[in-house]
Amino acid sequence: MEVLEHIPFNLDIDALLSKLRIDQRPNDIKRFQNLVDQLTPQANPKALYTVSFIESRSHDTVTIDNVTFTSRALRTKLDKIQRVFPCIVTCGRELDNLNLDPDDFVKNFWLDTLKEQILRHASTHLNNHLKQKFALTRIASMSPGSADKYVWPIEQQIQLFSIFPHAKKQIGVQLTQSCLMIPIKSVSSIRFPSEFDFHTCQLCHKQNCPSRKAPFDQHTWDSLI
Ligand code: SF4
């Protein structure tokens with residue numbers, strides 16, 4: 001089991017200002033930059049992962065580290081794979097301690113956006129780390145609760161977190177009773193080598209999702225579900 005801490009991140013301020021539609025508002029630009037200056041020294045994005053091997057498979061289950069996951073899509077994606085990388089990545093709890101005015105909804109929304117960007121950097125960093133360390137060309141991932149709800153139900157977070165019983169101590173991430181993570185800008189997944197690009201968004205019918213990375217793909221759906 002390995003922990004990556006103080007994962008580097010590089011915020012594209014111009015792109016963020018544009019995304020938040022404040023790039024033409026000098027006062028907001030100044031307030032946003034102040035928030036970035038306040039946040040940057042505090043941030044400590046982290047990742048926790050382990051190297052695991054598939055022990056058995058059935059029609060719609062796959063067993064890894066004595067933990068059985070039920071998802072036909074996951075089982076099919078891991079069909080020809082032996083080694084996988086269960087992981088948790090987080091923007092870090094440190095960013096929950098910035099003491100922003102809770103009534104300043106705008107600034108709290110900006111903070112959420114910044115946390116999301118930092119999480120993305122941390123997630124990409126983990127992929128690059130795995131590629132380099134294990135000589136992989138391409139990595140795909142699946143997360144419980146992403147895509148349509150029955151692709152890999154969010155309740156399977158319990159099984160995934162059972163691989164990481166000390167996640168709270170190691171990287172400050174805990175699972176709530178409703179299977180959400182604290183900090184909320186965290187992601188848990190199983191990463192695996194892949195011959196082709198794959199995003200769970202290809203298995204998601206959600207309309208107008210601002211975070212969509214790939215269009216819904218009927219062919220992928222038919223082959224995995
Ligand atoms: S489209 Fe949006 S909700 Fe659906 S899997 Fe992709 S990011 Fe998640």
Side-chain angles (χ1 to χ4, degrees), residues 7 9 11-12 15-16 18-21 45-49 60-62 64 69-79 81 84-92 95 108-128 130 138-161 167 173-176 178-225:
I7 294 175
F9 61 92
L11 298 169
D12 183 341
L16 283 165
S18 173
K19 180 180 173 173
L20 293 166
R21 301 182 186 206
K46 306 172 193 70
L48 170 65
Y49 76 90
D60 60 356
T61 68
V62 58
I64 300 164
F69 297 99
T70 304
S71 160
R72 169 121 179 91
L74 178 69
R75 185 256 180 271
T76 307
K77 285 305 291 180
L78 302 183
D79 216 13
I81 293 170
V84 296
F85 306 94
C87 63
I88 304 171
V89 186
T90 180
C91 70
L95 297 183
N108 279 287
F109 174 68
W110 294 347
L111 176 60
D112 259 14
T113 304
L114 288 163
K115 286 178 179 176
E116 204 168 287
Q117 287 297 310
I118 291 169
L119 173 60
R120 282 188 187 189
H121 279 278
S123 185
T124 303
H125 179 91
L126 175 61
N127 271 1
N128 291 337
L130 294 174
R138 190 180 281 111
I139 291 179
S141 76
M142 285 190 68
S143 301
S146 69
D148 282 13
K149 66 180 180 186
Y150 44 84
V151 169
W152 189 12
I154 195 166
E155 291 75 17
Q156 296 261 305
Q157 285 272 50
I158 295 168
Q159 280 84 349
L160 186 49
F161 266 73
V173 178
Q174 69 188 105
L175 196 62
T176 67
S178 49
C179 291
L180 299 175
M181 284 173 283
I182 297 173
I184 199 160
K185 300 300 179 189
S186 302
V187 64
S188 62
S189 59
I190 293 180
R191 301 191 184 199
F192 48 92
S194 176
E195 277 182 62
F196 309 102
D197 284 335
F198 169 72
H199 295 288
T200 44
C201 301
Q202 292 169 266
L203 304 174
C204 182
H205 285 86
K206 189 172 181 179
Q207 306 272 341
N208 304 322
C209 172
S211 304
R212 182 175 280 284
K213 297 188 189 77
F216 175 79
D217 186 280
Q218 189 66 49
H219 175 72
T220 306
W221 177 273
D222 292 341
S223 66
L224 295 178
I225 304 300

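Start at 1 and go down the list; that is how both ligands and their atoms are numbered. This structure is a prediction, so every number in the text was calculated from the model and none was measured.
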Dump the intermediate steps for side-chain contact (heavy atoms from CB on, under 4.5 Å) on Met181 and Leu175, then the final yes or no. CA-CA 5 Å; Met181 284 173 283; Leu175 196 62; 4.1 Å; yes
May I ask you to decide if the ring planes of Phe216 and His205 are parallel, tilted or perpendicular, using 30° and 60° as cut-offs? tilted
Around atom 2 (Fe) of ligand 1, how many protein N, O or S atoms are closer than 2.8 Å? 1
Polar contact flag, side-chain donor to acceptor under 3.5 angstrom, Ser188-Gln157: yes
Give the residue and atom name of whichever protein heavy atom lies nearest to atom 5 (S) of ligand 1, and the separation in Å to one decimal. Ala147 N, 3.4 Å
Protein non-hydrogen atoms only, distance under 4.0 Å: does atom 8 (Fe) of ligand 1 have such a neighbour? no
Cation-pi check, Lys77 onto Phe198 ring (under 6.0 Å, within 45° of axis): yes
For a side-chain contact (heavy atoms from CB on, under 4.5 Å) check, start with the C-alpha distance between Phe85 and Ile190, then their side-chain angles and the critical distance, and finish with the verdict. CA-CA 6 Å; Phe85 306 94; Ile190 293 180; over 6 Å; no
Going through the checks in order, is the side-chain contact (heavy atoms from CB on, under 4.5 Å) test met by Gln156 and Thr70? CA-CA 8 Å; Gln156 296 261 305; Thr70 304; 4.0 Å; yes
When you look at Arg75 and Asp79, which way does the side-chain contact (heavy atoms from CB on, under 4.5 Å) test go after all the steps? CA-CA 6 Å; Arg75 185 256 180 271; Asp79 216 13; 2.6 Å; yes
